Amino acid sequence: MKPTCLIIAHRGDSGSEPENTLKAFESAYHKGADGIELDCHLTRDKKVVVSHDRNLKRITGENRDCCASLYRDLIGLDFGKKEKIPLLVEVFDLFLKKFAVINIEIKSTGVFTNGIEKHIAMLIKQYRCASQIIVSSFNPAHLLRFKRLMPQVRLGYLICEKQDWIARNRYAVRIVGPSTLNLQKELVTLTSFNGLLGLAIPQWIWTVNKKHEMEFWLDRGAQAIITNEPGLLKSVMAGSKKDSACQT
Ligand code: G3P
Ligand code: CA
């Protein structure tokens, strides 16, 4: 029997609620997700905030760079349905008891860092929650810096469709030594899939929102599926369990 796949709600239950908000995380919990994926930035006054975009125009209508802002200047902004920007510490307070896994994606600051890794590590230490956390990034520099601070925390190496897997990532993946490869589903052509299998690193696949795609990845043995539709994935998994019980 294939091991059970984790249901990770992408930016929370973002198919139904405003992405990366406490409401989206609460909804993911009620729909049976095992964990949430969220995106982090560091404000000018060194608070770790949860937002996908660094510039908040798309989400709030306000043309503002969250990394160049003070937290107090962000809390009045509407992230959808009157939700405010969450602090990572608020997510820990409310959701560490509800989820088995919290996947923290560090959004890239380029070659240099503003210190975000250190601030995330401090929170994880304070809450003693290392075993529940997976830190991911497209930028291997963040992963390497984080590894130096907390080698016991799992790392997810993010790879998207636009990147050339063989040429640009294979070597970097070996240096980082991640626990998982977090792959955009479109990337996985047969050639790259065979290459990935050679590395024998468990795969988390994103962003899988349709029933037939969920079935495909469940069948392929993905360790986790990252989805905007955790409720749908839950029911697809319940259905496939019933089917296999019928066959025995
Ligand atoms: O973790 C997978 C996925 O979240 C990476 O892409 O752009 O949705 O943060 P993005
Ligand atoms: Ca993300």
Side-chain angles (χ1 to χ4, degrees), residues 5-22 24-25 27-28 33-42 48-60 65-67 79-80 83 85-88 91 95 99-110 116-117 120 132-143 146 153-163 165 168-169 172-173 176 178-188 192 196 201-210 213-214 217 220 222-230 232-233:
C5 174
L6 291 171
I7 301 173
I8 307 294
H10 182 238
R11 311 181 196 176
D13 182 19
S14 57
S16 303
E17 300 294 346
E19 65 180 56
N20 278 319
T21 61
L22 299 180
F25 303 144
S27 178
D34 299 296
I36 47 174
E37 185 269 355
L38 51 82
D39 305 286
C40 280
H41 296 274
L42 192 71
V48 183
V49 288
V50 180
S51 169
H52 181 272
D53 299 0
R54 177 172 171 163
N55 185 294
L56 303 177
K57 176 95 176 141
R58 173 183 67 90
I59 305 170
T60 68
D65 177 340
C66 66
C67 300
F79 278 68
E83 287 292 296
I85 193 166
L87 288 164
L88 184 60
V91 176
F95 296 105
F99 292 118
V101 184
I102 296 184
N103 175 186
I104 300 170
E105 181 183 343
I106 303 179
K107 283 302 183 193
S108 184
T109 56
I116 186 166
E117 302 91 348
I120 292 173
Q132 278 172 267
I133 304 296
I134 173 160
V135 169
S136 62
S137 187
F138 288 106
N139 182 345
H142 285 304
L143 297 175
F146 196 86
V153 170
R154 285 172 292 166
L155 298 177
Y157 193 112
L158 273 163
I159 303 175
C160 73
E161 189 189 13
K162 290 186 213 110
Q163 292 164 306
W165 156 251
R168 290 172 58 189
N169 285 293
V173 166
V176 170
S179 306
T180 62
L181 290 177
N182 295 20
L183 308 171
Q184 187 173 23
K185 63 178 194 285
E186 292 81 1
L187 170 92
V188 190
S192 58
L196 301 169
I201 300 172
Q203 291 152 23
W204 287 28
I205 309 294
W206 52 278
T207 309
V208 180
N209 298 326
K210 299 209 172 81
E213 295 170 342
M214 291 171 176
W217 288 110
R220 267 233 151 99
Q223 191 183 70
I225 291 178
I226 302 180
T227 177
N228 297 346
E229 304 293 345
L232 177 62
L233 180 53

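Everything quoted here is computed from the prediction, not taken from an experiment. Remember, it's 1-based here, ligands and their atoms both numbered in the order they're listed. Below, all heavy atoms of this structure are taken into account, side chains as well, without hydrogens, waters or symmetry copies. Along the sequence shown, residues carry numbers from 1.
Taking OG1 from T109 and CD1 from I116, the interatomic distance works out to 7.5 Å, rounded to the nearest 0.5 Å. If you take CH2 on W204 and CG on L6, they are separated by 6.0 Å, rounding to the nearest 0.5 Å. From T227, atom OG1 reaches atom CD1 of I225 across 8.0 Å, with rounding to the nearest 0.5 Å.
For ligand 1, the atoms closer than 4.0 angstrom to any heavy atom of K107 are 7 (O), 9 (O), 10 (P). When each atom of ligand 1 is checked for a heavy atom of R11 under 4.0 Å away, the hits are 7 (O), 8 (O), 10 (P). Those atoms of ligand 1 with a heavy atom of F138 less than 4.0 angstrom away are 5 (C), 6 (O). Of all atoms in ligand 1, listed by their number and element, those nearer than 4.0 Å to a heavy atom of D39 are 9 (O).
Remark: minimum distance from atom 5 (C) of ligand 1 to any protein heavy atom is reached at E105 OE1, 3.5 Å. Among all protein heavy atoms, the one lying closest to atom 1 (O) of ligand 1 is E37 OE2, 3.1 Å. Given atom 10 (P) of ligand 1, the protein heavy atom at minimum distance is H52 NE2, 3.3 Å. In this structure, atom 3 (C) of ligand 1 lies nearest to the protein heavy atom H10 NE2, 3.5 Å.
A donor-acceptor pair shorter than 3.5 Å can be found between the side chains of N228 and H10. In this model, a donor atom of one side chain and an acceptor atom of the other lie less than 3.5 Å apart for E117 and H142. Looking at N182 and T180, their side chains do bring a donor and an acceptor atom within 3.5 Å of each other. Residues Q184 and W206 have side chains that never bring a donor and an acceptor to within less than 3.5 angstrom of each other.
Using a 4.0 Å cut-off between heavy atoms, L158 contacts ligand 1 through its side chain alone, with no backbone atom that close.
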Check your understanding: side chain to side chain donor-acceptor pair (under 3.5 Å) between S51 and D53: does it pass, once the steps are laid out?
Key -> CA-CA 6 Å; S51 169; D53 299 0; 5.8 Å; no

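By the 3.5 Å distance cut-off applied to N or O atoms, W206 is not counted among the residues near ligand 1.
The tally of protein N/O/S atoms under 3.0 Å from the Ca ion (ligand 2) stands at 3.
Considering all non-hydrogen atoms of both residues, F95 and L22 come closest at CZ-O, 3.7 Å.
I133 pairs with exactly one of L155, V101, I120, I104 by the side chain to side chain contact (heavy atoms under 4.5 Å, CB included) rule, that one being I104.
Salt bridge annotation for E105-R11: absent, with no cationic side-chain nitrogen under 4.0 angstrom from a carboxylate oxygen.
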